[in-house]
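Below: the structure, in C-alpha cells.
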Amino acid sequence: MSRYADFYRQSIDEPEAFWAEQARLIDWETPAAQVLDASKPPFTRWFVGGRTNLCHNAVDRHLAARGDQPALVFVSTETGVERNYSFRELHDEVQRTAASLIALGVGRGDRVLVYMPMIPEAAFAMLACARIGAIHCVVFGGFASGSLASRIEDATPKLIVSADAGSRGGKVLAYKPLLDEAIRLSAHKPDAVLLVDRGLAPMALTEGRDHLAAALLAQHRDAEVPCTWLESTEISYTIYTSGTTGRPKGVQRDTGGYAVALAASMKHIFDGRAGETYFSTSDIGWVVGHSYIVYGPLIAGMATIMYEGLPTRGLDRQPDGGIWWRLVEKYKVTVMFSAPTAVRVLKKQDPALLKKYDLSSLRALFLAGEPLDEPTGRWIADGLGVPIIDNYWQTESGWPILTVANGVEPMPSKFGSPGIPMYGYKVKILHEATGEELTGANEKGVVAIEGPTPPGFMQTVWRDDARFVDTYWKSVPGKLVYSTFDWGIRDEDGYYYILGRTDDVINVAGHRLGSREIEESISGHPNVAEVAVVGVADDLKGQVAMAFVVPKDGAALTDAAAALALEGEIMQRVAGDLGALARPARVRFVGALPKTRSGKLLRRAIQAVCERRDPGDLTTMDDPAALQQIRHLLA
Ligand code: PRX
C-alpha cells in the first residue's frame, strides 16, 4: 500500500488514534478526555474535554521561537500601503483590539459581526474574538445592506466591527451607509459599532452606539489580555453561506477540531513550514480567508499575506498584471492559494510577466472554489513551472475534501480532477433518487460524505440543528449521509470529478450565491410578477446569474426601450440589496416561466436551454411554450 493509502486507511479505520496524533500539532491547555464523540449522529464532537484557544495557537505560541519574524504582511494596491507585522506586533495589536471589545461589553459566547475590507484590522478583530471566546461572524465586504441585514438578524451580534470604506480598482465603496441601512432594516440592533477610519469616506456617527477604533485602541495601547481557554467543542465562529432557500445558513464551527484540522492540513496538504510565507488571494469574508489567510498559516507559524486589490494593479496604483508575482518574489512565498477565475484574469495579461520575477521560492499553487478548466490549469502550470493543486471543498467543511496530500506522499494530479478523498473524509457517490452507492467508474451521482465528519467540519447550522439535519443529512433517500449538493464521478484510479451543483447555488467567480436570494431581491421590484434566476456558464467567471422576469405591465415584453429601462432598474436593485457580485449579467422578459404541473420552477431546464443543452425530460412540465419562449429569446 502507498504511504497515503495507509494514512487515509488509518484515518477511517482508527479515527481516534489518527486524530489524537494530529492533535499534537497544536497546544492544549487541557488535553482531550475523549477524542471523538459520535454518539448522536449526525452530530460529531471532537476532542471532548480538551481546552485550547485558536488565537493562542495562531499567535502566542510562536512568540518564543519567532516573535520577531513576520506574521502578517499587508499589501494594498488600493491605498498604496505595504506593512509588516511580526508575531510580537500582531500579539500587541490583537490584545489592544481584544481590550477594546471587552470595554464595549463583549464577552465569551457573544457574537461580533465583522463587516470589513481586506485590512489588518479585520484579522486583528477575528483573532481578538478568538482570544476572548467571542464568536465572530465575518460578512463579505462586497455584500450590501439587504444581505448584511439578514445576517445581523440571524447572528444577533452584540457588536459590529466595520470601517468607513473598502476600495476596488480605485473605486471607493463606502461601508458605513450600507451598515447603517442594514442595522435599520434588521430587527436586532447591536449595542455598539466599532469603526476603523481609513480616511476614504466620511462617516456619520450615531451617538452612543458608534465608536472610533483609534480612540479605543489608544486607551488600550499597553493592554494585556490573556487567552481564554475554551472547550474544544465551544463555537469559534459562524460564517453565512447560500443554499436552496433564500435565507442564508450560519455554518457553525468549533474551536479544537478546527485548530487541529487546519494544523494538519498545513502539514499534509499545503506542506507549509514555519518561517515561510503563505499567500492566499481570497477574502476574509469567505471560508478560504478564515482557514487560509488568517488561521491556517499563522497556526503553522508562517507569515500570511493579506492583499487588498485587483490582481492587475500595482502599489503605485498603475496597471500591473505582475503584482502577485512581484509579491511572491519579494516575500519568498512558498505556498500560494487562489481561484481559477483569478488565473483566467491573469491569462489575459502579458505572459512575459510570469518570467519577469524570481519565483523559485514557490513550491505549489493551490486553486479552489470552482472547477478548474484544463486550458487555464495548463497555462498557469506551464507559466509557473510548479504543481498546480486543484482542491475541492466547501464553507461547510472548512478545509479540503478532495485534493492530493503532497505533504504525506507526492502524488500526480489529473487535469479536471481535484483529486482523491482527504484523510478523515468518507466520500461516496450516491444515486440521486435511490441513495444507492455507485461504485462503478464514471457513474454520475451526488457527492456525499458519510459520518462521522472529520475535525474542522461544521458542527451545525447556527441556532438551527433541525435545519442542519434536514438540509444536509436527509437529502439522499434512506440514508443519514451528508450531501455536498455537488454532482460528481470517480474514475478508475479513484480520482473524483465535480460536475456542478445539484441545488440552486450559483458560483460566480468562485463566490457562492443562492438563486433564491437574488430572486427575492428582484421580486421586490413593483413591476415584477415572477422571476427565475439561473447560473449560466461563462468563460471568465465560471458562471454568471441570468434572470428571467415576468413583468406586471407588459411594456417590457414588446417595447425594447421599456425592457432596457426595467433591466437597469432590476440590476441596480440587486446590487443595492445584495451587492454588485449578485447582480445578474442579463435580465430577460418573458410572458411565463416554465414550471411543473405542481408549480415548481424548472430552473434546471432554463439553465440547460441557456447553455444550449438538452433540457431533459419535460413530461411533468405545465406549459412547454414557456421554455420555447426562452429558447427563442436566446436564439
Ligand atoms: O460546487 C462546489 C464548488 O464550490 C462549492 C463550495 O463553495 P464555498 O462554500 O464557497 O467553498 C469554497 C471553498 C473552496 C462546492 O460545493 N467548488 C469548490 N471547489 C471546487 C468546486 N468545484 C469544482 N472544483 C473545485 N476545486
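Please read all numbers here as calculations on a predicted model, not as lab measurements. Values below: all heavy atoms of this structure, side chains included; hydrogens, waters and symmetry mates excluded. Remember, it's 1-based here, ligands and their atoms both numbered in the order they're listed.
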Should [X] and [Y] count as an ion pair when the cut-off is N to O under 4.0 Å?
X: Arg603; Y: Glu519; answer: yes
X: Arg604; Y: Glu432; answer: yes
X: Glu370; Y: Arg344; answer: yes
X: Glu276; Y: Arg363; answer: yes
X: Arg467; Y: Asp465; answer: no

### Task
Look only at interatomic distance and state if Thr241 has a nitrogen or oxygen under 3.5 Å from any nitrogen or oxygen of ligand 1.
no
message: Looking only at distances, can you tell me whether any N or O atom of Thr484, backbone or side chain, sits closer than 3.5 Å to an N or O atom of ligand 1?
response: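 Not met; the criterion fails.
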Problem set entry | Short side-chain donor-acceptor distance under 3.5 Å, Tyr497 and Asn442 |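 No, because no side-chain N or O of Asn442 sits under 3.5 Å from a partner of the opposite role on Tyr497.
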Can you tell me the protein heavy atom closest to [atom] and the distance?
atom: atom 19 (N) of ligand 1; answer: Gly369 N, 3.1 Å
atom: atom 8 (P) of ligand 1; answer: Thr395 OG1, 3.5 Å
atom: atom 12 (C) of ligand 1; answer: Trp393 O, 3.9 Å
atom: atom 23 (C) of ligand 1; answer: Pro371 N, 3.3 Å

Report task. With heavy atoms under 4.0 Å as the rule, classify the contact between Arg501 and ligand 1 as side chain, backbone, both or neither. Result ->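 The answer is the side chain.
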Trp462 six-ring face occupied by Lys249 cation (under 6.0 Å, within 45°): no
Review point. Should the pair Tyr292 and Phe337 be assigned to parallel (<30°), tilted (30 to 60°) or perpendicular (>60°) ring geometry?
Key: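 Judged by the thresholds at 30° and 60°, the geometry between Tyr292 and Phe337 is parallel.
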Atom indices of ligand 1 within 4.0 angstrom of [X] heavy atoms, with elements:
X: Asn391; value: 19 (N), 25 (C), 26 (N)
X: Ala368; value: 14 (C)
X: Asn507; value: 3 (C), 4 (O)

For this session: Using heavy-atom distances, let me know which of Glu370, His511, Arg512 sits nearest atom 24 (N) of ligand 1.
Result: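 Ranked by closest heavy atom to atom 24 (N) of ligand 1, first place is Glu370.
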